[in-house]
Amino acid sequence: MAEKSNQDIEAVYVGQLSPDVFENQMHVAPGVPDYLGLGHIPSTRVEAACASGGLAVIQSIINVAAGYKDTVLAIGAEKMTSLSTPEVTRALALCADSDYEANIGVTFPGAFAIMARAHEAKYGTNAEMRAQVSVKNHKNAVENEYAQFRKEISVDKVLNSLMIADPLRLYDCSPITDGAAAIMVVPWEETKKHDGPKMKVRAFAQASDTVALHDRSDLTSFNTTKIASREAYKMGDLTAKDIDFVEIHDCFSIAEIIAIEDMGFVKPGEGGKATINGVTARDGALPVNNSGGLKSRGHPIGATGVSQVVEIFKQLNDMGEKRQLQDLNIGMAQNLGGNGSTVAITIFERA
Amino acid sequence: MKEPRRVIKEYEEALDANRIIGSRCECNDIAVPPRPICRKCGSDHMEFIDIKPKGTLLSWTVINIAPPSHTDKAPYILGIVQLEENAQCLLGTVMVEEPYMGMPLGAEFDEGEVGTRRLRWRG
């Protein structure tokens with residue numbers, strides 16, 4: 001990955017959930033080369049609910065790795081604020097199983113609330129532990145000029161906020177956001193011709209699971225995160241211990257707790273305790289969502305997976321300014337779609 | 001193999017007749033709602049069977065902020081119900097005052113609704 005001009009771009013992958021519902025526009029892929037003046041190059045939209053951006057990155061990597069194109073642009077974007085909150089809730093609920101879930105009034109906060117309650121019953125992961133995820137991510141976002149909320153919050157504020165889907169409250173949930181992010185993928189040899197910032201793709205993986213939550217055997221973890229992480233570690237000849245920092249899909253506070261367990265950073269059931277103990281804080285052993293995460297950086301659905309990779313790019317090139325972490329070599333992103341029906345994992349290393 | 005949309009329709013029609021049905025594969029794996037292809041072995045030799053309308057509550061939520069289709073019903077409880085006869089779970093509307101983990105539930109059917117919206121779990 002390196003700096004290039006737009007005239008060098010040979011293909012585009014656009015990660016976007018729903019330009020149709022949000023903006024009354026389908027067929028957005030050709031609109032990217034059209035409006036960016038890139039000519040007649042191929043452009044493809046990738047949709048995997050909230051993992052659309054992560055898959056745009058993975059498809060771009062696969063394209064370049066296959067030797068088909070040499071300069072591929074991965075873009076993620078979503079324009080959500082054009083609709084009211086109930087309309088956005090409905091649009092997102094379309095990512096659940098329409099016949100068996102959305103039809104009886106399931107929402108995504110509701111699906112994650114069911115998992116939060118199951119996790120609490122099995123492991124004692126309580127409201128204070130979940131709240132600490134949001135408190136940490138709000139604190140981290142203060143130093144991110146691209147974040148939606150650059151304001152610290154207290155545990156009490158989370159615990160006293162509006163109940164959305166019991167036991168998840170407003171401040172357990174990521175917000176509705178407009179946003180976009182992009183990254184360029186090129187063959188490694190190409191980067192040597194440029195002086196600009198760069199990083200190396202170390203590994204990637206993707207996994208799928210049932211669309212409906214009730215078809216899962218375990219309500220306290222995501223098969224997709226576990227499988228994709230394991231495959232990515234194998235591809236990169238890595239273990240969880242080799243990862244220096246991670247950007248995680250904290251669409252809801254409980255999702256970050258489950259993810260650090262599923263990715264092998266802590267044992268199952270210990271994610272809440274690790275969060276309370278500061279393990280995942282900026283100055284902790286494993287900084288998680290140093291950017292502010294979805295909770296505070298914002299969650300423009302299709303953009304999220306790409307913006308995670310952009311954050312890793314900045315950190316690995318010491319461009320993190322006031323939130324720059326030290327002694328970094330390897331960064332990892334976990335991008336989760338729907339209630340975990342799709343997960344995209346990418347791992348990068350310092351060039 | 002039965003066409004998937006047809007399988008969903010048969011499930012909904014069964015609910016309209018106050019029955020819960022599932023599919024049983026020749027490998028004996030049971031799926032509720034029924035499936036056209038077995039998730040365990042990949043076979044499409046599926047038999048549709050009646051499922052006992054009883055289960056226990058595995059986990060639940062109270063939806064306070066609902067999508068536009070359900071705002072007039074909020075707050076409402078949605079839970080994952082583990083069916084009595086097999087390991088399969090089902091998401092459903094739970095009509096109890098104070099739900100708890102492991103609560104025994106029985107299915108009832110709302111005469112004013114059709115398809116999957118008819119199913120109600122009560123303590």
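Naming: A, B, ... by sequence-line order, numbering from 1 per chain. Computed from a prediction, not measured in an experiment: that's the story for all the values here.
The part of A:L219 that comes within reach of chain B is its side chain, from C-beta onward, which places non-hydrogen atoms under 4.5 angstrom from that chain. For A:V106, the parts lying near chain B are the backbone and the side chain together; criterion is any non-hydrogen pair under 4.5 Å. Proximity to chain B is absent for every atom of A:E120, based on heavy atoms less than 4.5 angstrom apart. For a residue to count as touching a neighbouring chain, one of its non-hydrogen atoms must lie under 4.5 Å from one of that chain's; by this rule A:L92 does not touch chain B. Contacts between A:A102 and chain B at a heavy-atom distance below 4.5 Å involve the backbone alone (N, CA, C, O). Proximity to chain B (any heavy atom under 4.5 Å) is shown, for A:A118, by both the backbone and the side chain.
Of the listed residues (A:T89, A:I164, A:L162), the one with the most heavy-atom contacts under 4.5 Å to chain B is A:I164. The greatest number of non-hydrogen atom pairs below 4.5 Å with chain B, out of A:S84, A:G105, A:A212, A:A121, is found for A:G105. Interface summary for chain A: among B:Q88, B:Q82, B:E113, the most heavy-atom pairs under 4.5 angstrom belong to B:Q88. Contact tally against chain A (heavy-atom pairs below 4.5 Å) for B:L58, B:V32, B:L119, B:L78: the top residue is B:L78. Options A:E87, A:R117, A:R90, A:M163 differ in how many heavy-atom pairs under 4.5 Å they form with chain B, and the most are formed by A:R117. For chain B, the option among A:D97, A:D166, A:L213, A:T107 with the highest count of heavy-atom pairs below 4.5 Å is A:D166. Taking B:I80, B:I77, B:V62 one by one and counting their heavy-atom pairs under 4.5 Å with chain A, the maximum is reached by B:V62. In terms of non-hydrogen atom pairs under 4.5 Å with chain B, the most contact-rich of A:N103, A:T85, A:V88 is A:N103.
Checked against the 6.0 Å centroid criterion, the rings of B:F48 and B:Y11 do not qualify as a close aromatic pair.
A salt bridge does not link B:R118 with B:D110: every distance from a Lys NZ or Arg NE/NH1/NH2 to an Asp or Glu carboxylate oxygen is 4.0 Å or more. A salt bridge is defined here as a Lys NZ or Arg NE, NH1 or NH2 lying under 4.0 Å from an Asp or Glu carboxylate O, and B:K9 with B:D16 fails to meet this definition.
Using modelled atom types and a 3.5 Å distance limit, the side chains of A:D218 and A:T220 yield a donor-acceptor pair.
With hydrogens and angles disregarded, a donor-acceptor distance shorter than 3.5 Å links the side chain of A:S161 to the backbone of A:V158.
Annotation for A:C251 and A:A255: closest pair SG-CB, 4.0 Å, computed over non-hydrogen atoms. What you find for A:E78 and A:Q16 is that their closest heavy atoms are OE2-CG, 3.6 Å.
Atom NZ of B:K73 has more than 12 heavy atoms from other residues, nucleotides or ligands within 6.0 Å.
A:K273 forms no cation-pi arrangement with A:Y123, by the criterion of a distance under 6.0 Å to the ring centre and an angle within 45° of the ring axis.
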